[in-house]
Amino acid sequence: MLVKSFSLFAVAAAFSAHAATVTPAPIATNCPSNASYVATLPKKAGNPLSGSVAAVSATDGKGVRFSVSLSGLPAEGGPFIYHIHAKPVPADGNCTGTGAHLDPYNRGEVPICDASKPETCQTGDLSGKHGNITAQTWSQEYVDLFTSTNKNDPSYFGNLSIVVHLSNKTRIGCANFTTQQSANNSSSAYPSATTAASSIAQSTQKPTYDISGPAFGSKTASSSPTPSQSQFAGSAVAHRVGGSAALFAFVVALVL
Ligand SMILES: *[C@@H]1O[C@H](CO)[C@@H](O)[C@H](O)[C@H]1NC(C)=O
Ligand SMILES: *[C@@H]1O[C@H](CO)[C@@H](O)[C@H](O)[C@H]1NC(C)=O
Ligand SMILES: *[C@@H]1O[C@H](CO)[C@@H](O)[C@H](O)[C@H]1NC(C)=O
Ligand SMILES: *[C@@H]1O[C@H](CO)[C@@H](O)[C@H](O)[C@H]1NC(C)=O
Ligand SMILES: *[C@@H]1O[C@H](CO)[C@@H](O)[C@H](O)[C@H]1NC(C)=O
Ligand SMILES: *[C@@H]1O[C@H](CO)[C@@H](O)[C@H](O)[C@H]1NC(C)=O
Ligand SMILES: [Cu+2]
């Protein structure tokens, strides 16, 4: 206990100079009602991770309602963290290119986000503010008050990206946010990820915790190969060897 307190004190002291200059993020009160974005993770050979993060303006225009719906997370390496990053994903899909977290108030990554004071966290630190991903299949919905769908707000993220990481920060998936048909104007021919994710969230209330559940969703299994998969034809070998070998190969590819 004493040791823990001391090390916490040391950490606090080390960053106090920085912390003193941190500007708390203001509540984003100006989110236009028609704004709707979704970041859909691309299917990649050897990586069963799939899903999306949808984002629509909160109904009162204060902040953004996020609907997180992910499956195929690895059996090991969690809890998983995810953030809005400051740059879009490069055309080649390399998650390293998304840079650091969206942090318009220059808070920096340390000390770690205190979820009880979300205004003091990095704006893009969604898992810091709303909780880590602690299962291989994950659905969660929440309003984040500090991100914005208004292009004039420094916390705007509609042209940025989402990145999913292992606990040790290795990037295991990333996707651009893209504009989605506005909620008022959605047709059944174009079902939104928001609709899908929110129906799950409404039926369960709490985040799904289902380690034994289908890590490989039926959508993954039935979908036809995407053009991006052909770029990764070489990793098909790793894919046949087995899940953990494929994950290892994939993680190595990301680290390199
Ligand atoms: C919302 O509507 C305004 C005004 O019609 C338009 O300028 C803007 O591009 C729309 N935004 C989105 C995200 O659709
Ligand atoms: C992160 O964790 C994964 C899985 O546990 C491991 O394979 C990888 O080597 C680690 N990466 C770093 C940079 O520590
Ligand atoms: C992400 O968006 C940027 C900016 O629009 C674009 O240049 C890039 O190709 C996109 N990345 C992917 C993987 O689609
Ligand atoms: C990904 O991009 C980083 C720099 O942004 C680069 O160092 C790395 O080599 C790239 N990885 C691959 C597999 O292209
Ligand atoms: C995203 O859009 C905002 C508002 O138009 C702009 O200020 C910002 O530079 C853009 N960011 C990137 C990475 O393109
Ligand atoms: C979330 O995961 C990160 C990375 O493992 C960890 O540092 C952090 O303490 C976790 N947060 C909570 C609230 O458990
Ligand atoms: Cu991140």
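Since the model is a prediction, treat every value here as computed from it, not as a measurement. Start at 1 and go down the list; that is how both ligands and their atoms are numbered.
Every atom of ligand 3 with a heavy atom of V89 under 4.0 Å away is listed here by number and element: 1 (C), 8 (C), 10 (C), 11 (N), 12 (C), 13 (C). Atoms of ligand 2 lying under 4.0 Å from at least one heavy atom of L166, given by number and element, are 2 (O), 3 (C), 4 (C). Heavy-atom proximity to T170, at under 4.0 Å, picks out these atoms of ligand 2: 1 (C), 11 (N). Listed by number with element, the atoms of ligand 3 under 4.0 Å from a non-hydrogen atom of N176 are 1 (C), 2 (O), 3 (C), 8 (C), 10 (C), 11 (N), 12 (C), 14 (O). Remark: ligand 3 atoms within the under-4.0 Å shell around heavy atoms of P88 are 1 (C), 2 (O), 3 (C).
For atom 11 (N) of ligand 3, the nearest protein heavy atom is under 4.0 Å away. Atom 2 (O) of ligand 3 lies below 4.0 Å from at least one non-hydrogen atom of the protein.
Contact annotation: for P90 versus ligand 3, heavy atoms closer than 4.0 Å belong to the backbone alone. Under 4.0 angstrom from ligand 3, the non-hydrogen atoms of A91 come from both its backbone and its side chain.
Considering backbone and side-chain atoms alike, G93 places every N or O at 3.5 Å or more from each N or O of ligand 3. At least one N/O-N/O distance between N94 and ligand 4 falls below 3.5 Å.
There is a path of hydrophobic side-chain contacts, each under 4.5 Å, that joins L102 to V53.
With rounding to the nearest 0.5 Å, the separation of NZ in K129 from CZ in F146 is 6.5 Å. If you take CG on L73 and OG on S50, they are separated by 9.0 Å, rounding to the nearest 0.5 Å.
Checked options L166, V164, V163; the residue passing with R171 is V163 (criterion: side chain to side chain contact (heavy atoms under 4.5 Å, CB included)). Of the residues D92, T98, T96, the one that meets the side-chain hydrogen bond (donor to acceptor under 3.5 Å, both in side chains) test with N94 is T96.
D144 places no side-chain N or O within donor-acceptor distance of the main-chain N or O of V64, the cut-off being under 3.5 Å.
Remark: the N132 side chain and the T134 side chain contain no N/O donor-acceptor pair separated by less than 3.5 Å.
Aromatic rings of F66 and F157 (six-membered ring for Trp) have centroids within the 6.0 Å cut-off, being under it.
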